[in-house]
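This is a predicted model, so every value here is computed, not measured.
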Amino acid sequence: MGDKIHRPAHLYKQMQKKQKQYDVLIIGSGAAGLTLALQLAPHAQVAVLSKSALKDGSTFYAQGGISAVLDKEDSFASHAQDTLNAGAGLCNPETVQYVVTHGPDSIHWLESLQMPFTQCDDDNGGSHYHLTREGGHSHRRVIHADDATGQALANTLESQSRRHHNITLFEHHNAVDLITKRNNKGKKECIGAYVLNRERQQIETFLAPIVILASGGASKVYLYSSNPDGSTGDGIAMAWRAGCQVANMEFMQFHPTCLYHPKAKSSLISEAVRGEGGKLLLPDGTAFMHKFDPRAELAPRDIVARAIDHEMKRLGVDCLYLDISHKPANFILKHFPNIYQKCQMFGIDMTQEPIPVVPAAHYTCGEW
């Protein structure tokens, strides 16, 4: 049969009847997809495909915050150096510099969209944005919305996208494959996608001269993952089938601390818990991170995740523990209200006892 794909004739007729034409087609409705849609919408008719409901993507579940140089005692040079150090020499310095220097502008853009970042009082009777610290950072530069930054970000971007007249959102529309053709120079180009309308159980054809994949990663292939069920690498597979180069797929970032409980599906324990003084402990209550890195709990994620994995295997245990119960209860409730409530659901009081944790697949860092 070779590589030819055979489709029934009635399927082609169904596709032709359901054609939709836009200037730009964005496959993926997380932070990347909706941010791009809002940037392009003043100039083009944009369609955004969401595999499920908009809030079912990974963005909604992010907790800790967004790193950017916002404090006068911080600097782009420091942020860039921290990033290069955390990348263990594998980062592209030009990309790092670009992202770091444009970070504050991105935060200010979110501010203009009414993103509800957490504030705190200052000594002069005013207020300013609260910055926390996470692993690999030498300064407090993580701006956040309590401990549910992703939820606030997803809600902000969704509300802005829904009210923009040039953006059409298609929830429960699962992209099946990209549509390609040869142009007059013999070069393959993408002109749209075949899409399953999951509510109607029909295949529809979306056509656009510009097609953008913002479909997230594939971390749900792992046993422990911070990602929702939809993170199955569909976009990567479609890109590869269409002829795109796929690279660095082995770079999967593991978050060190996912809640370990048989019923706690994809429940992340924010890195900010360690940033605010949380300690990683062995089952007997012994601290261990200082043996692996002088930065201890604030070492980059890969170092902390490997250290936890090493100790779990050495001891033959199912999980280790993250403890911030030495902090006052009101401090914990103020900084981590959502994590506290999540732990309470599973009978864990993080103000009184340590939280059982395991490393979990988090980001797919490859490119296509």
Side-chain angles (χ1 to χ4, degrees), residues 26-36 51 57-68 79-103 106 134-137 141-142 149-150 153-154 212-242 244-258 266 268-272 274-275 293 295 298-310 358-368:
I26 299 175
I27 300 174
S29 59
L34 293 184
T35 295
L36 183 59
K51 190 175 183 178
S58 295
T59 296
F60 188 83
Y61 296 96
Q63 294 175 342
I66 305 168
S67 302
H79 193 181
Q81 190 58 53
D82 287 347
T83 305
L84 293 170
N85 289 340
L90 298 173
C91 302
N92 181 322
E94 293 182 0
T95 301
V96 170
Q97 192 65 30
Y98 181 89
V99 172
V100 165
T101 55
H102 286 78
S106 296
E134 294 187 359
H137 294 284
R141 62 168 70 100
V142 181
T149 308
L153 177 59
I212 298 159
L213 287 171
S215 53
S219 292
K220 203 59 184 179
V221 301
Y222 289 85
L223 175 61
Y224 297 114
S225 172
S226 65
N227 290 199
D229 290 341
S231 297
T232 51
D234 305 25
I236 302 170
M238 284 188 287
W240 181 78
R241 289 195 298 266
C244 295
Q245 291 184 333
V246 176
N248 302 323
M249 285 294 112
E250 72 276 20
F251 287 91
M252 303 293 291
Q253 185 199 84
F254 279 70
H255 196 289
T257 54
C258 190
S266 305
L268 195 67
I269 304 298
S270 172
E271 192 164 344
R274 285 180 284 124
D293 192 282
R295 293 165 290 186
L298 291 180
R301 288 179 179 178
D302 61 317
I303 295 174
V304 180
R306 281 197 299 268
I308 295 174
D309 181 68
H310 171 84
V358 292
H362 196 48
Y363 288 156
T364 301
C365 302
E367 56 194 37
W368 59 92

- Short side-chain donor-acceptor distance under 3.5 Å, Ser219 and Ser226: no
- Asn85 side-chain N/O to Gln81 backbone N/O, donor-acceptor pair under 3.5 Å: yes
- Query: Do Tyr224 and His362 have side chains that get closer than 4.5 Å, going by heavy atoms?
  - Reply: no
- Between Thr257 and Arg274, which heavy-atom pair has the shortest distance, and what is it? CG2-NE, 4.2 Å
- Item | The single option from Ile303, Asp302, Asp309, Val304 passing side-chain contact (heavy atoms from CB on, under 4.5 Å) against Pro256 | Val304
- Query: Regarding Thr232 and Lys51, is there a side-chain donor-to-acceptor distance under 3.5 Å anywhere?
  - Reply: yes
- Message: Looking at Glu250, I want to see if its CD is surrounded by more than 12 non-hydrogen atoms of other residues, nucleotides or ligands under 6.0 Å.
- Response: yes
- Message: Donor-acceptor check, side chain of Glu271 to backbone of Gly135, threshold 3.5 angstrom: yes or no?
- Response: yes
- Message: Run Arg141 and Asp82 through side chain to side chain contact (heavy atoms under 4.5 Å, CB included) and show every step you take.
- Response: CA-CA 11 Å; Arg141 62 168 70 100; Asp82 287 347; 2.8 Å; yes
- Looking only at atom types and distance, does a side-chain atom of Asn227 sit under 3.5 Å from a main-chain N or O of Ala218, one as donor and one as acceptor? no
- Do you know which two heavy atoms are closest between Gly57 and Pro228, and how far apart they sit? C-CG, 3.8 Å
- Task: Mark yes or no for whether Ser106, through its side chain, and His102, through its backbone, hold a donor-acceptor pair below 3.5 Å.
- Result: yes
- Assess the side chains of His79 and Ser67: does a donor N or O sit below 3.5 Å from an acceptor N or O? no
- Query: Does Val96 offer a backbone N or O that forms a donor-acceptor pair with the side chain of Thr83 under 3.5 Å?
  - Reply: no
- Flag, side chain of Ser270 to backbone of Ala272, donor-acceptor distance under 3.5 Å: yes
- Message: Donor-acceptor check, side chain of Thr59 to backbone of Ala31, threshold 3.5 angstrom: yes or no?
- Response: yes
- Query: Taking the side chain from Ser225 and the backbone from Tyr222, do they hold a donor-acceptor pair closer than 3.5 Å?
  - Reply: no
